[in-house]
Amino acid sequence: MGLSPQITNLIIILGMMQVAKKIPFEDESVLNLCRAGYIASNLIILSIYLYIQNTINKKKDLTTLKYVEPAPMGSSEEGKLVTTTVQAYDLAQLKNLMRSQMMGVLMMGVMHLYFKYTNPLLIQSIIPLKGALEANLTKIHVWGQPASGDLKRPFKQAAGFMSGLQNGSAQSDKKAVESAERAGRGGAKEE
């Protein structure tokens with residue numbers, strides 16, 4: 001059994017912080033090499049996501065997927081029933097991954113270009129690429145792992161430092177779905 005992704009990310013971050021101390025970022029050629037590595041890393045991530053999108057669209061898996069989406073945090077409402085297809089669910093998950101990546105690039109752009117931070121270039125060249133290679137959609141559509149166990153849709157929320165503050169992940173068990181159907185919460189098919 002391997003280490004959890006959060007632990008390996010922490011190890012990588014601590015290791016790269018030590019490496020970054022020894023890199024002469026004042027040298028323009030070294031800085032440009034780090035920038036090129038960051039850009040290359042993001043282009044690889046984008047190509048992975050575009051490949052996944054192409055694979056999802058080719059498969060056209062129109063299997064119906066029903067699950068109960070948890071209510072917003074702090075709300076007294078019950079969860080909402082969502083009826084969708086595997087293809088639509090995967091495309092929505094991919095859209096979230098792409099949005100997250102673009103936000104990271106935007107933040108890195110502000111930190112590097114405006115605040116002149118150079119050390120995060122190294123860490124942000126590795127951690128997001130690692131995350132993209134370990135994503136559930138990548139495991140299913142690139143590595144060819146079956147969509148069962150931890151990869152069963154809807155995907156479980158990754159346990160993290162803030163997981164205790166969230167309401168949990170979507171419920172797809174028959175009891176929760178039937179209860180939501182009887183209560184009339186949601187059920188509109190998402191396209």
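Hydrogens, waters and symmetry mates are skipped; everything else that's a heavy atom, side chains included, is used.
For Ile123 against Met17, the heavy-atom pair with the smallest separation is CD1-CG, 4.0 Å. Annotation for Thr84 and Tyr67: closest pair CG2-CE2, 4.1 Å, computed over non-hydrogen atoms. Here the closest heavy-atom approach between residue Ala132 and residue Tyr49 is recorded as CB-OH, 3.7 Å. Summarising the geometry of Met111 relative to Pro120, their closest heavy-atom pair is CE-CG, 3.6 Å, with the distance given to 0.1 Å. The two residues Ala88 and Thr85 make their nearest non-hydrogen contact at N-OG1, 3.1 Å. Heavy atoms only, all atoms of each residue included: Cys34 and Leu121 are closest at CB-CD1, 4.2 Å.
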- Item | side-chain contact (heavy atoms from CB on, under 4.5 Å) between Asp90 and Ile52, intermediate numbers included | CA-CA 9 Å; Asp90 283 359; Ile52 291 171; over 6 Å; no
- Task: Check the pair Met16, Ile127 against side-chain contact (heavy atoms from CB on, under 4.5 Å), reporting the backbone distance first and the verdict last.
- Result: CA-CA 10 Å; Met16 291 311 290; Ile127 298 292; over 6 Å; no
- Task: Would you check, one step at a time, whether the test side-chain contact (heavy atoms from CB on, under 4.5 Å) holds for Gln101 with Met98?
- Result: CA-CA 5 Å; Gln101 185 60 31; Met98 286 181 163; 5.7 Å; no
- Task: Apply side-chain contact (heavy atoms from CB on, under 4.5 Å) to Asp61 and Tyr89, showing your working.
- Result: CA-CA 10 Å; Asp61 189 349; Tyr89 179 80; over 6 Å; no
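Hydrophobic clustering (ILVMFWY, side-chain heavy atoms < 4.5 Å, transitive): Leu129 and Val142 are in one cluster. One hydrophobic cluster holds both Ile45 and Leu50 under the rule that ILVMFWY side chains link at heavy-atom gaps under 4.5 Å. Residues Met102 and Leu46 do not share a hydrophobic cluster, clusters being chains of Ile/Leu/Val/Met/Phe/Trp/Tyr side chains in contact below 4.5 Å. Cluster annotation: Val86 and Ile140 are assigned to distinct hydrophobic clusters (Ile/Leu/Val/Met/Phe/Trp/Tyr, side-chain heavy-atom contacts under 4.5 Å, transitive). Transitive grouping of hydrophobic side chains (ILVMFWY, heavy atoms separated by less than 4.5 Å) brings Leu151 and Leu94 into a common cluster.
Panel note: side chain Trp143, backbone Leu133; a donor-acceptor pair is recorded below 3.5 Å. A donor-acceptor distance shorter than 3.5 angstrom exists from the side chain of Thr55 to the backbone of Tyr51, with no hydrogens or angles considered.
Note: Asn42 CG to Ser125 OG = 7.5 Å, rounded to the nearest 0.5 Å. To the nearest 0.5 Å, atom CZ of residue Arg153 and atom CG of residue Leu65 are 8.0 Å apart. Summarising the geometry, atom CG belonging to Leu62 is positioned 5.5 Å from atom CD belonging to Gln87; distances are rounded to the nearest 0.5 Å. Residue His141 holds its NE2 atom at 5.5 Å from CG of Leu137, rounded to the nearest 0.5 Å. If you take CD1 on Ile126 and CG on Asn9, they are separated by 10.5 Å, rounding to the nearest 0.5 Å. Annotation: the span from Ser47 atom OG to Asn54 atom CG amounts to 12.0 Å, rounded to 0.5 Å.
You'll find the side chain of Thr118 reaches within 4.5 Å of the side chain of His112, heavy atoms only. Within the 4.5 Å cutoff, the side chain of Ile11 has heavy atoms near those of the Leu3 side chain.
Atom CG of Asp150 has 12 or fewer neighbouring heavy atoms from other residues, nucleotides or ligands inside a 6.0 Å radius. Heavy-atom contacts from other residues, nucleotides or ligands closer than 6.0 Å to NZ of Lys95 number 12 or fewer.
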